[in-house]
Protein chains: 2
Amino acid sequence: MMERQKLQVTVDIVILTIQDQRLKVLLVKRGIPPFEKQYALPGGFVLHNESLEDAALRELREETGTTDVYLEQLYTFGAPDRDPRGRVVTVAYYALVAPGNSPLVAGTDAAEARWVAMEDLPKLAFDHRKIVDTAITRLRNKLEYTTVGFELLPRKFTLAQLQEMYEIILAKPLDKRNFRRKTEGIGLKALDEWHRTGRKPARLYTFAKKRRG
Amino acid sequence: MMERQKLQVTVDIVILTIQDQRLKVLLVKRGIPPFEKQYALPGGFVLHNESLEDAALRELREETGTTDVYLEQLYTFGAPDRDPRGRVVTVAYYALVAPGNSPLVAGTDAAEARWVAMEDLPKLAFDHRKIVDTAITRLRNKLEYTTVGFELLPRKFTLAQLQEMYEIILAKPLDKRNFRRKTEGIGLKALDEWHRTGRKPARLYTFAKKRRG
DNA sequence: CCAAAAGTGTTAGGAGTACACCCATGG
DNA sequence: CCATGGGTGTACTCCTAACACTTTTGG
């Protein structure tokens, strides 16, 4: 009786990073049916004695080699027909990986993993497209009233990089002067270091608040 | 092997209403161990071929006799030790019930159900206190940038009732004139009906936007 | 000296906040 | 006529948004 009420529970993760001025998601190519050879989000079963977040972290380590990322539970998807093999409830998470922390492709897992730009998303397996969309919406909203955005930047960054990150995620241009004014008062520390690559060197900043790792 | 990865999945619901100028939660007294005779959130197993939301609606109907309420997924709690009987992952929802729609206590379910004011919450079973707190936080936030609040009011209401509802949930007094100014521009329809009970009659309003049912 | 990106202020409009009195009714 | 809750306006501050030129450097 109890047994009959058990369901398969997985964790799927929308792992996001910024690369080449694009917001990218980590996708894995499925080796087996259903949706063989289609791309899907990394994910896996929740084991009997690990928490949901631990399951997500385990997946994350398998795919990216690191757990030093921002990780947040997103939403739980449980339509009875979302997996053709049977009933699978998935707890979706999203993770933000800073450029330095994103070994381009995965380590131990056999499946082929790739960073794919949001605007080049292929058709995804299962309801994973909906999960990705939910993650983007959440990220955009959080960007407006939190400082999660810094999780997508290296520890030291220029104000131009910071603004670019916002513009990439929100998919709209921002006014440079207004943007800089708003950065005053969120705890940026100006460093005595300079990023020299364009013409005029740009000052480097760092963000004080807690950073895991 | 597959079987070993199955877990028990439940849905728990934080059903909220406003009664006697207090925000109240519907709690049920447990009849069996663990936590026998303690209060808990209404909840139950997700059946094999119903969606998570359907499971929540089913619980809701069992406890309140209606499904004409606002219902939103809250968060999924899955610590391995959250239920002493074994591994149970619960997908928490919260529901907002308008005064007219809240038959004071439940219908079919045998368990004793009660509306309990937030400030009188007893010690709850499992991690249900955390779930309730999560719901309140979510509700407070949503109140600021959405119109969910109207789900806690009868179809026709006075501006004083509207303000009172905000004050109860946010647990702080609001300025009457500023509050009324803000209500302009969210689509309130002034009716030609008057609530007469205090001294001067108060105008009744209604909120246009979609209301289930 | 020139191309390219860095850096910097002002103004106008809208939103939020603080604040106090008169009005209509039922008893 | 009075007690009770209903209803209303203004001034100040702060945030947002629009907008263009000068500075520094490497080549």
Side-chain angles (χ1 to χ4, degrees), chain A residues 18 20-22 99 140-147 149-150 153-207, chain B residues 18 20-22 99 140-147 149-150 153-207:
Chain A
I18 286 183
D20 309 324
Q21 268 114 272
R22 289 205 155 71
R140 282 187 179 151
N141 289 334
K142 282 234 156 180
L143 214 53
E144 311 268 18
Y145 66 95
T146 70
T147 54
F150 292 104
L153 290 179
R155 196 170 354 247
K156 299 174 183 181
F157 50 84
T158 66
L159 294 182
Q161 284 176 292
L162 179 61
Q163 180 174 347
E164 186 182 68
M165 181 266 289
Y166 272 79
E167 291 178 330
I168 290 168
I169 297 173
L170 299 176
K172 68 178 182 198
L174 300 173
D175 181 272
K176 183 162 49 157
R177 282 167 291 185
N178 293 338
F179 182 83
R180 286 175 182 226
R181 191 188 352 272
K182 225 183 306 185
T183 62
E184 298 161 16
I186 55 169
L188 284 191
K189 231 187 311 223
L191 301 175
D192 249 335
E193 301 175 53
W194 309 82
H195 182 69
R196 38 187 73 254
T197 173
R199 301 309 175 110
K200 183 173 176 179
R203 181 156 216 155
L204 286 170
Y205 291 78
T206 195
F207 181 62
Chain B
I18 287 183
D20 309 324
Q21 267 114 270
R22 289 207 155 70
R140 282 187 179 151
N141 289 334
K142 282 233 155 180
L143 215 52
E144 312 268 18
Y145 66 95
T146 70
T147 54
F150 292 103
L153 291 180
R155 197 171 354 246
K156 299 173 183 181
F157 49 84
T158 66
L159 294 182
Q161 285 178 292
L162 179 61
Q163 180 175 346
E164 186 183 67
M165 181 266 289
Y166 271 80
E167 290 178 331
I168 290 168
I169 297 173
L170 300 176
K172 69 178 182 198
L174 300 174
D175 181 272
K176 184 163 46 159
R177 283 167 292 185
N178 294 338
F179 181 83
R180 286 175 182 228
R181 194 192 347 275
K182 225 184 305 185
T183 61
E184 299 160 15
I186 55 169
L188 285 190
K189 229 184 315 220
L191 302 175
D192 250 333
E193 300 176 54
W194 309 82
H195 183 69
R196 38 189 71 252
T197 173
R199 301 310 175 110
K200 181 174 176 179
R203 181 157 217 153
L204 287 170
Y205 291 79
T206 196
F207 181 62

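Residue numbering restarts at 1 for every chain, and letters A, B, ... go by the order of the sequence lines. Note that these values count all heavy atoms, side chains included, but never hydrogens, waters or copies made by symmetry.
- The nearest heavy atom of DNA chain D to Arg203(B) and to Pro201(A) marks one nucleotide each, and the one closer to the 5' end goes with Arg203(B).
- Under a 3.5 Å cut-off, the side chain of Glu144(B) and the backbone N or O of Asn141(B) do not form any donor-acceptor pair.
- Between the base of dG7(D) and the side chain of Lys200(B) there is no donor-acceptor pair shorter than 3.5 Å.
- At a cut-off of 3.5 angstrom, counting only N and O atoms as typed in the model, there is a donor on one side and an acceptor on the other between the side-chain of Arg181(B) and the base of dT10(D).
- Comparing dA3(D), dG9(D), dG7(D) by their nearest atom to the side chain of Arg199(B) picks out dA3(D).
- Here the nucleotide nearest the side chain of Lys176(A), chosen from dC19(C), dG6(D), dT8(C), is dT8(C).
- In this entry the distance linking CZ of Arg177(A) with C1' of dC15(D) reads 17 Å, nearest Å.
- The existence of a salt bridge linking Lys156(B) and Glu193(B) is confirmed by a sub-4.0 Å separation between a basic side-chain nitrogen and an acidic carboxylate oxygen.
- In this structure, Lys172(B) atom NZ and dT17(C) atom C1' are separated by 12 Å, rounded to whole Å.
- Arg180(A) has a side-chain polar atom (N or O) that falls below the 4.0 Å cut-off from OP1 or OP2 of dG7(C).
- Below 30°, between 30° and 60°, or above 60°: for Tyr166(A) and Phe179(A) the angle between ring planes is above 60°, a perpendicular geometry.
- Take the nearest nucleotide of DNA chain C for Lys182(B) and for Asp175(B): the residue whose nucleotide is more 5' is Lys182(B).
- Interatomic distance, CG of Leu174(A) versus NZ of Lys182(A), reported as 7.5 Å (0.5 Å rounding).
- Rounded to an integer number of Å, the gap from CG of Leu204(A) to P of dA6(C) is 11 Å.
- Atoms CD (Glu167(B)) and C1' (dG5(D)) sit 14 Å apart, rounded to a whole Å.
- Between Asn178(A) atom CG and dA12(C) atom C1' the separation is 13 Å, expressed in whole Å.
- For the pair Glu184(A) CD and dT16(D) C1', the interatomic distance rounds to 14 Å; values are reported in whole Å.
- Residue Arg196(A) places no side-chain N or O under 4.0 Å from the OP1 or OP2 atom of dT25(D).
- Contact check for Leu159(A) versus Arg203(A): no side-chain heavy atoms found under the 4.5 Å cut-off.
- Atom CH2 in Trp194(B) sits roughly 12 Å away from atom P in dG6(D) (whole-Å rounding).
- To the nearest angstrom, P of dA6(C) lies 8 Å from NE2 of His195(A).
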